There are 2 protein chains.
Amino acid sequence: MNNPISIRDIARAADVSHTTVSRALRDSPLISLEVRTQLQQLAREMGYTPNAVAQSLKARQTHTIGLIVTTIADPFVGRVVRGIEAAAQDAGFGLLLSVSNNDPEQEIAAMEIFHRRRVDGLIIAAARLSAAQADRASRITIPTVLINPQAETPYEHFHTLAVNDYSGAQMATRYLLALGHRAIGYIGAGNRPGSNRARLSGYRDALRAAGVAPQDAWVRIAPADHRYHSDDVSDGQALLPDVLAADVSAIFCYNDMLAVGVTLACRERGITIPEQLSIMGFDDIELAAYVTPALSTIHQPKLRLGQMAMEMLLRLLKNESVENTVLPTELVVRESTVQRAICGT
Amino acid sequence: MNNPISIRDIARAADVSHTTVSRALRDSPLISLEVRTQLQQLAREMGYTPNAVAQSLKARQTHTIGLIVTTIADPFVGRVVRGIEAAAQDAGFGLLLSVSNNDPEQEIAAMEIFHRRRVDGLIIAAARLSAAQADRASRITIPTVLINPQAETPYEHFHTLAVNDYSGAQMATRYLLALGHRAIGYIGAGNRPGSNRARLSGYRDALRAAGVAPQDAWVRIAPADHRYHSDDVSDGQALLPDVLAADVSAIFCYNDMLAVGVTLACRERGITIPEQLSIMGFDDIELAAYVTPALSTIHQPKLRLGQMAMEMLLRLLKNESVENTVLPTELVVRESTVQRAICGT
DNA sequence: TTGATTTATGCACACGTGAACATTGTACCC
DNA sequence: GGGTACAATGTTCACGTGTGCATAAATCAA
């Protein structure tokens, strides 16, 4: 390491025991005020910086939380991490970052590494771990909060914080129905099985509730092995033709990036949005407001999601009770959706 | 901490000394093969996980690097961090993340916290620290790489990696000149003084080289106290009228987000891009390809920037020689720029 | 058999800090 | 003056790991 100056060095220089220095620097009333200020002064002069590693070893806690995300380059993830980081900093916790590339194996590997580093807590966004990692995961007994977990079978002993995918999808679909659309497509993301399933259900149930029978031809799901964020756009482009072939007048997309892909594909094919086709996204990333036409979407409280995850974790660390939480979404109407009537029935 | 099982526990269970266990787990040839495998087996059964904190204390290195960025929600930063993260993971290093909000005070505070935590190295993106933090910074002797440093007076004892702002700006301006534009505006970002100045110089020099006298009325710089990424868009919107008033036919923006703001403002005012006004950005963030019209811009190798920063740092840690580096940019032509001739002279 | 060499393991200490307990000195009370 | 209370500081140990040195057993050479 870098700074070799320890409390022992200071003790030697001041001809006292290292304990006295330790106490003086922590402003312990056990040390006389005179000696205390004197030692603090000396420490400053000598350029002493406490060794947090040693403190962690002694105190058996690192004041660090491990954060695992699928990728850091995703704008959605970026906002969530910002919320986490702010809350962590306020609480005096450091943030150890790792990336899973949406791969359960890399995810559990990151958990194990964080375990070795003795992080006090763990936050995993879009957790993928499932039965295949059950045994390895069960060895890791670190307080953990999962944000928008994606496993089909959730783990009981983790705490979760999620956005209400189901009701968000219902909201989007109802809105399109209210605009007069009947044949409404859905383009999903197979690599987020949990949310995708919930959104698909919300979509289908909303259709049924409106007396519209869901058609399989209206639905396309991007391959589950597409791991990267950037795949969303190309998947949207690739899947549009299939859904269009089913003669839909509106498409609800799993997220905004897919919707952007759809928008680009429409432009190539000369399809005007929203006149010929209405598009809805999900997430409400910053980008949604900047594309043309600005994207109607379902807002996820991303900053809040991160902040709450950290707050839940802090409560866990204090052994306070923690409830799994589901946050509501909001409908955001912009320019990519329009009355069905306008394009003629 | 969590897992109370130490090598001493294993030693007790196997009735050997903890030294033997330590050696066995590290596959030391000093321990007989039989005992070695036996102890490794036992460790696995007992669910032993090495304590990296203790190892760090002993080894006097943490295998951790501290990363300070202005904000994590910025798409440019996201890509750079992704490059850093990947390289760090490959090298077996952890990544401790902190955010400065583009505030020199928060930046130096983060450095000090990382110093306490004894990170092996430090990467700072868009570093703002300047003379005001000189004394505090000089106490921190951790190997450090600055990415795109923003201080007007660079520090000698830090290593830097930057993109060639000056030549990138020249490239952009020359391209607009080549399209026939003469009155070319510049909208800058006062909160990144370093790059902004370099890009402004490149822009002005390119104009002069083409025989065009730079006009102050063509240039507007967003306030330096705007700290957040999201301010870029609104700054672009706010500054457009001033530059338009100077009767320019093209605008070169400090970055893509400002260009997006300009684009939005143009739409509100009924100005069509690129027919009535050509727009160039800088950075080539993902968004640039998705807006309408797709943004012509200067490409920064963001992933490579992060990756190289980490590689430079690793070389520093191995006491190998490291050269400060400047990476080239590339011109990316999309749809927001067009021949001046088209709109008639 | 004896001494030298090799093999396998234990002991003691160090990393830097913090805390329980021990020690010294001082003032106070009866 | 002797005991007690308290203030200020030192001693020792612990956190979990790794390493230099010592030790013990075993092998080998002569």
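None of the values given here were measured: they were computed from a predicted structure. Lettering follows sequence order; numbering is per chain, from 1.
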From C-beta outward on [X], which listed nucleotide comes closest to its side chain: [options]?
X	options	answer
A/Ser17	D/dT17, C/dT17, D/dG10	D/dG10
B/Arg8	C/dG16, D/dT19, D/dG16	D/dG16
A/Arg60	C/dG18, D/dC15, C/dT17	D/dC15
A/Asn51	D/dG10, C/dG16, D/dC15	C/dG16
B/Thr20	C/dG10, C/dT17, D/dT17	C/dG10
A/Tyr48	C/dT17, C/dG18, D/dG16	C/dT17
B/Ser6	D/dG16, D/dG10, C/dG10	D/dG16
A/Thr19	D/dA14, C/dA20, D/dC21	C/dA20

**Study point:** For the student: nearest non-hydrogen atoms of A/Val119 and A/Thr62, plus distance
**Key:** CA-OG1, 3.6 Å
Point to revise | Nearest heavy-atom neighbours spanning B/Ser100 and B/Ile68 | key: CB-CG2, 4.0 Å
Roughly how many Å is it from [atom1] in [X] to [atom2] in [N], rounded to a whole number?
X	N	atom1	atom2	value
A/His18	D/dT12	NE2	C1'	9 Å
B/Arg117	C/dG16	CZ	C1'	16 Å
B/Leu39	D/dG18	CG	P	14 Å
A/Leu57	D/dG16	CG	C1'	6 Å
B/Asp15	C/dA8	CG	P	19 Å
B/Leu25	D/dG16	CG	P	15 Å
A/Arg12	D/dG10	CZ	P	14 Å
A/Leu33	D/dA7	CG	P	15 Å

Review point. So does B/Glu320 have more than 12 non-hydrogen atoms from other groups sitting under 6.0 Å from CD?
Key: yes
Practice item. Kindly indicate whether the side chain of B/Lys58 and the base of C/dA14 share any N or O donor-acceptor pair separated by less than 3.5 Å? Key: yes
**Study point:** Heavy-atom check, side chain of B/Thr70 versus side chain of B/Asn191, under 4.5 Å
**Key:** no
Check your understanding: Just wondering, do B/Arg118 and A/Thr49 contact through their side chains at under 4.5 Å, heavy atoms?
Key -> yes
Practice item. For B/Ala54 and for B/Ile31, find the nucleotide of DNA chain C with the closest heavy atom, then tell me which residue's nucleotide is more 5'. Key: B/Ile31
Check your understanding: Short question: side chain of B/Asp74, backbone of B/Phe76 - any donor-acceptor pair under 3.5 Å?
Key -> yes
Practice item. Verify the contact: side-chain N or O of A/Arg23 to OP1 or OP2 of C/dG18, cut-off strictly under 4.0 Å; return yes or no. Key: no
Review point. Using a cut-off of less than 4.0 Å, is there contact between a side-chain N or O of B/Gln55 and OP1 or OP2 of D/dG16?
Key: no
Point to revise | Toward the 5' end of DNA chain D, by each residue's nearest nucleotide, A/Val16 or B/Ser22 | key: A/Val16
